Trainee: 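Dropping the structure in here first, questions after.
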Amino acid sequence: MNTKLVLTTTAFVAIVSVILSQTNTLHNLFAPPSIDGSKDQLHTCKIVHVTGAFGPESLAFDPNGEGPYTGVADGRVLKWRGDDLGWTDFAVTTSQRKECVRPFAPEMEHLCGRPLGLRFDKKTGDLYIADAYFGLLVVGPEGGLATQLVTEAEGQPLCFTNDMDIDDHEDVIYFTDSSTVFQRRQFMGSILSGDKTGRLLTYNKSTKEVKVLLRDLAFANGVALSKDRTFVLVAETATARILRYWLRGPNTGKVDVFAELPGYPDNIRRNSNGEFWVALHSKTTLLGKVVNFNSWVGKALLKLPLSFKQVHSMLIGGKVHATAIKLSEKGEVLQVLEDSEGKTMRFISEIEEKDGKLWMGSVMMPFIGVHNL
Ligand SMILES: *[C@@H]1O[C@H](CO)[C@@H](O)[C@H](O)[C@H]1NC(C)=O
């Protein structure tokens, strides 16, 4: 990194900071844009605190309809047992948990585990867990210590396992490794540096074979199969797109762009109609776009003495918000729900639709939200 570049970027960041904090007109240029047809309703959702925990990223209901279950920042998977009983411990991804006592301690994640994507096998009731540090794991319907299934693919270790979906006809699991360079707690580094080492993979439950379907992805994130299982979607967070990988039919093995989104997609979950709910970590801002097309800007930002909070705030345009998008089976936008001022919900990581309600997780909040449709 040469001095000129650091100076240029410092100036750029200083200008952006000043603009974000003071100038109203220009503020709008950097603030998250509004989305046509969006309904600003999510602030009315009901909050369910994950008492003593933080960052309920993914949500899953078991085959009996109980839950949801969620993975939190201290490495546990919790089960919601209703208003009276609250949350109880369900599973862990490592037995070495003596030091895993603080709700949010990123420096401990590689020891305590960080469960992200959760999915139940509908036939067996087993819970599959994508743990950012411990790979793909499974735990039986009674919970407890999960068993590690996959830690590497084609000779390369998993570095940031993120999300998955299960094809229960074929007994195959599709899952993502967001990066082979950056771990979860360095996710900003992956986004800002233009890292394109994410992968979409499959795990065959009977042969235990792991294959790479797609590589060179810019932060591979959420995964969802289509209802007819002809394709699997993968969120490419850094480019604000959802890619479609064809599993059957004339395009088998090909990939195309399923949707271009007004924000950074996290998990994708299908509803019973075969439509997809996509949780946006945040909307894309002008600065986000600049970073996406000029990776030197992001790399320079990373070298500056800025805290995670400051960089994150700049990228989201200095304004917290929550955005949920429903896509059709063809990738058309059907519905956009927002809490545009982040009054209640912020940084949604997943939306699970069940019985007329949307259950929303957030990797950066100590609660989940429940919205009545
Ligand atoms: C998984 O492995 C089994 C056993 O070899 C095979 O029959 C099946 O086709 C494989 N599934 C997929 C989707 O590749």
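Atoms within a ligand are numbered from 1 in the order they appear, just like the ligands themselves. Computed from a predicted model, the values in this text were never measured in an experiment.
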Trainee: Just by distance, with hydrogens left out, do Ser206 and Asp171 show a side-chain donor and acceptor under 3.5 Å apart?
Mentor: no

Trainee: Hey, which residues fall under 4.0 Å of ligand 1 on heavy atoms?
Mentor: Glu170, Val172, Asn204, Ser206, Thr207

Trainee: Going by distance alone, is a donor N or O of one side chain under 3.5 Å from an acceptor N or O of the other, for Ser178 and Asn162?
Mentor: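 Result is yes, a qualifying pair exists.
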
Trainee: Is the count of non-hydrogen atoms from other residues, nucleotides or ligands lying under 6.0 Å from Glu154 atom CD greater than 12?
Mentor: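 Counting other residues, nucleotides and ligands, CD of Glu154 exceeds 12 neighbours.
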
Trainee: Mind checking salt bridge (Lys or Arg N to Asp or Glu O under 4.0 Å) for Glu152 and listing every partner two or more places apart, or none if nothing turns up?
Mentor: none

Trainee: Taking 4.0 angstrom as the limit, do Asp89 and Arg76 come out as a salt bridge?
Mentor: yes

Trainee: Under 4.0 Å between a side-chain nitrogen and a carboxylate oxygen: does that hold for Lys283 and Glu338?
Mentor: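 Yes, charged N to carboxylate O under 4.0 Å.
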
